[in-house]
Amino acid sequence: MQYISTRGSDDKISAAQAIVTGLSKDGGLFVPDSFPHISAEKIVELATKPYYERAAYIIGLFLTDFTEDELLEYSAQAYSTRRYTENRESGFSANEITPLHQLNENVYFLELWHGPTGAFKDMALQIMPRLLTASLKKTGENRKICILVATSGDTGKAALNGFCDIEGTGIMVFYPRDGVSEVQKLQMTSQKGDNVNVVAVEGNFDDAQTGVKNIFSDEGLAGELNKERFFLSSANSINWGRLVPQIVYYISAYCDLLNENKINNGEKINFCVPTGNFGNILAAYYAEKMGLPINRLICASNRNDVLTQFINTGVYNKNRPFFTTVSPSMDILVSSNLERLLFEISGKNGDTVSSYMESLSKDGFYKIDSGVESELGRIFSSGFCSEEDTMKTIKDTFDKNNYLLDTHTAVAYKVLEDYKKETGDESISVVVSTASPFKFSHAVLNALNPCAELKDDAGLIDKLSTLTGCTAPKPLADIKNEKPRFDETVKVDGMKESVLKFIRRQ
């Protein structure tokens with residue numbers, strides 16, 4: 001299998017080259033030139049396998065320049081149970097890796113937060129460093145690589161954890177100074193390791209993401225880094241090596257429902273995904289293209305409802321107020337991975353995608369044509385959730401079901417319930433649970449006890465555990481003992497110089 005750019009350039013490259021490069025020279029994102037098919041019989045067979053074997057097989061369908069033995073080794077290492085090294089905790093606390101929690105007769109929560117940083121980003125970022133270092137060898141690249149990450153909270157820590165002390169790499173994370181929770185901030189700024197750096201950006205996530213994209217396209221900077229024997233790549237989901245492991249857990253969830261006799265083979269189900277940068281729900285769309293029986297993909301937004309409006313109207317418009325919410329990982333107005341979806345639903349028309357992206361950059365909006373909009377509506381539904389409803393959903397779900405939601409999963413559950421009321425669709429539905437509630441203890445505690453006056457800090461993790469009787473994941477419970485190592489803050493136009501200083505220290 002080869003990879004092409006969403007902007008329509010004719011160049012085709014291998015999977016290893018796509019992972020190493022991260023972003024196409026024309027500014028587009030790499031996508032496979034075709035999609036493999038997974039049969040109903042193969043899904044039944046995968047249902048008998050542990051998660052790491054499912055992952056090795058599915059990833060191998062896309063990374064055809066990797067051997068089966070290589071992928072089995074990397075998957076077994078990434079999706080193992082908890083273990084510790086000097087500067088990094090890795091592995092998963094749940095033997096099932098991605099357990100399903102049944103809430104009622106037809107609603108399940110797919111818990112993707114049992115990895116070392118308490119968020120779904122671990123599902124990809126525990127295996128991606130292994131894929132990247134192997135790709136460097138396969139492509140004959142002998143320079144060191146600097147991973148640049150813009151994060152709205154969870155990607156940063158997961159990437160720092162995954163790449164910590166990986167030979168031949170450095171990793172630099174930019175986060176919006178006032179746009180992450182205190183736990184997320186402490187997780188990042190206390191990261192150990194000699195090859196890591198964390199910098200706050202004055203602005204929101206979109207500002208940080210734009211700054212990183214501009215750095216990638218800066219040819220002068222690339223030349224300066226080359227003199228230092230470094231080049232840049234990404235661990236955001238714009239990198240195919242980050243996105244492809246996310247396809248696995250959708251297929252795996254279907255396998256688990258089959259194993260529990262909750263569905264019949266071939267029965268279509270819904271997935272409702274809290275969505276910001278669009279990579280998570282895009283992975284579900286790719287699973288459907290492979291043949292996974294999916295009825296609807298329900299895109300859940302918070303108050304920053306740019307994606308909801310796009311799916312409902314066909315107009316993407318970032319010219320709107322930006323809101324800082326209790327679900328910060330979704331506080332995004334420019335969803336990078338949407339470009340990959342546009343490429344597929346426009347019939348792989350790179351010129352069309354380029355025109356959309358040019359309009360977005362120039363005018364802040366674009367409108368898709370009726371044919372593209374029809375394909376979008378074929379499988380996607382959408383909705384958004386207010387701050388008040390997010391908090392109410394957390395409290396109601398805990399009071400009625402003794403099940404604790406984080407602020408992002410609560411958005412998705414409320415949107416799913418609204419969708420069901422509107423459509424009458426009673427299909428089995430899986431809410432993708434993207435983070436441990438203990439990562440957002442301040443908001444969750446406020447939801448459970450609105451009258452409480454709480455200082456937002458890591459000490460609230462213990463308070464939430466005591467109040468609910470739920471045990472916090474050990475890496476989060478221990479975070480209160482960590483001290484920040486990094487305190488640099490830059491403006492967007494200072495990000496480039498910050499990268500150069502970091503590289504020169506390596």
Side-chain angles (χ1 to χ4, degrees), residues 87-89 113 115-122 125 147-164 171-193 196-209 211-212 235-236 276-277 302 304 322-332 406-408 434-446 454-465 472-492 494-495 498 502:
N87 289 329
R88 173 177 54 189
E89 180 177 2
W113 41 263
T117 74
F120 81 99
K121 307 298 176 74
D122 290 323
L125 284 163
I147 306 296
L148 287 192
V149 177
T151 183
S152 54
D154 288 334
T155 292
K157 175 58 180 180
L160 289 163
N161 181 280
F163 281 95
C164 172
I171 177 166
M172 188 163 185
V173 169
F174 292 99
Y175 70 93
R177 182 184 60 187
D178 301 316
V180 300
S181 77
E182 288 302 309
V183 170
Q184 288 175 310
K185 183 183 297 185
L186 185 55
Q187 280 188 300
M188 290 186 284
T189 58
S190 64
Q191 176 66 50
K192 298 178 177 65
V196 305
N197 193 25
V198 180
V199 177
V201 176
E202 293 182 10
N204 58 41
F205 169 76
D206 291 326
D207 296 321
Q209 180 169 251
V212 166
N236 286 87
N277 217 15
N302 64 11
N304 295 297
F322 177 91
F323 299 106
T324 299
T325 75
V326 294
S327 45
S329 296
M330 301 164 67
D331 292 344
I332 296 171
D406 85 288
T407 49
H408 306 77
T434 53
S436 166
F438 289 93
K439 292 198 79 164
F440 305 94
S441 296
H442 184 263
V444 175
L445 277 165
N446 275 332
L454 303 165
K455 180 183 177 182
D456 187 3
D457 61 27
L460 295 183
I461 291 174
D462 290 339
K463 291 182 180 179
L464 180 58
S465 181
K474 188 177 187 302
L476 296 178
D478 291 347
I479 193 69
K480 62 181 179 293
N481 300 319
E482 300 293 341
K483 302 297 182 185
R485 293 178 61 204
F486 305 100
D487 59 4
E488 182 182 1
T489 299
V490 299
K491 296 181 178 180
V492 173
M495 292 170 62
S498 187
F502 172 62

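Starting from 1, each residue takes its place in the sequence as its number.
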Q. Could you go step by step and tell me if L125 and N161 meet the side chain to side chain contact (heavy atoms under 4.5 Å, CB included) rule?
A. CA-CA 8 Å; L125 284 163; N161 181 280; over 6 Å; no
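- With sequence neighbours left out, the ring-ring contact (aromatic ring centres under 6.0 Å, His included) criterion links F440 to H408.
- Side-chain atoms of S498 never come within 3.5 Å of backbone atoms of G494 as a donor-acceptor pair (strictly under, hydrogens ignored).
- A distance of 7.5 Å separates CD in E488 from CZ in F174, rounded to the nearest 0.5 Å.
- Under the 4.5 Å side-chain criterion, counting only non-hydrogen atoms from C-beta, P328 is not in contact with S152.
- L464 CG to H442 NE2: the interatomic distance, rounded to the nearest 0.5 Å, is 12.0 Å.
- One N or O on the side chain of K439 and one on the backbone of T117 form a donor-acceptor pair closer than 3.5 Å.
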Q: For side chain to side chain contact (heavy atoms under 4.5 Å, CB included), just list the numbers for F163 and V173, CA-CA rounded to whole Å, side-chain angles, deciding distance to a tenth of an Å, and then say yes or no.
A: CA-CA 11 Å; F163 281 95; V173 169; over 6 Å; no
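- Between V444 and P437 the shortest heavy-atom distance is CG2-O, 3.7 Å.
- When the side-chain contact (heavy atoms from CB on, under 4.5 Å) test is applied to F486, the partners found at least two apart in sequence or on another chain are V196, N197, V198.
- With 3.5 Å as the limit, one finds a donor-acceptor pair spanning the side chains of K157 and Q191.
- Not one N or O on the side chain of E482 forms a donor-acceptor pair closer than 3.5 Å with the backbone of L186.
- Looking at L160 and I171, their side chains come closer than 4.5 Å, going by heavy atoms from C-beta outward.
- Side-chain atoms of T325 and N302 include a donor-acceptor pair closer than 3.5 Å.
- Between E202 and V492, the closest side-chain pair of non-hydrogen atoms is not below 4.5 Å.
- Within 6.0 Å of NZ in K491 there are 12 or fewer heavy atoms belonging to other residues, nucleotides or ligands.
- With sequence neighbours left out, the salt bridge (charged side-chain N to carboxylate O under 4.0 Å, His left out) criterion links D178 to no other residue.
- L476 is listed as a side-chain neighbour of S436, based on a closest heavy-atom distance under 4.5 Å.
- With values rounded to the nearest 0.5 angstrom, W113 atom CH2 is found 13.0 Å from D154 atom CG.
- Between M495 and V199 there is no side-chain heavy-atom pair separated by less than 4.5 Å.
- Put simply, CG on D406 and OG on S441 are 10.5 Å apart, with the number rounded to the nearest 0.5 Å.
- Counted by atom type alone, N236 and Q209 present zero donor-acceptor pairs between their side chains at under 3.5 Å.
- A pairwise comparison of heavy atoms in A235 and V149 identifies CB-CG2, 3.8 Å as the closest pair.
- Of all the heavy atoms in A458 and V183, the pair that sits closest is CA-CG2, 4.2 Å.
- With contacts defined as side-chain heavy-atom distances shorter than 4.5 Å, the pair N204/D331 does not qualify.
- No side-chain heavy atom of D207 sits under 4.5 Å from any side-chain heavy atom of P176.
- Distance check: Q187 CD to S181 OG gives 7.5 Å after rounding to the nearest 0.5 Å.
- Closest non-hydrogen pair, G153 versus V180, comes out as CA-CG1, 3.8 Å.
- Side chain of D122 to main chain of A158: no donor-acceptor pair is present (N/O by atom type, distance under 3.5 Å, no hydrogens or angles).
- To the nearest 0.5 angstrom, M188 atom CE is 9.5 Å from T155 atom OG1.
- Minimum interatomic distance between G193 and R485 (heavy atoms only, all atoms of both residues): O-NH1, 3.1 Å.
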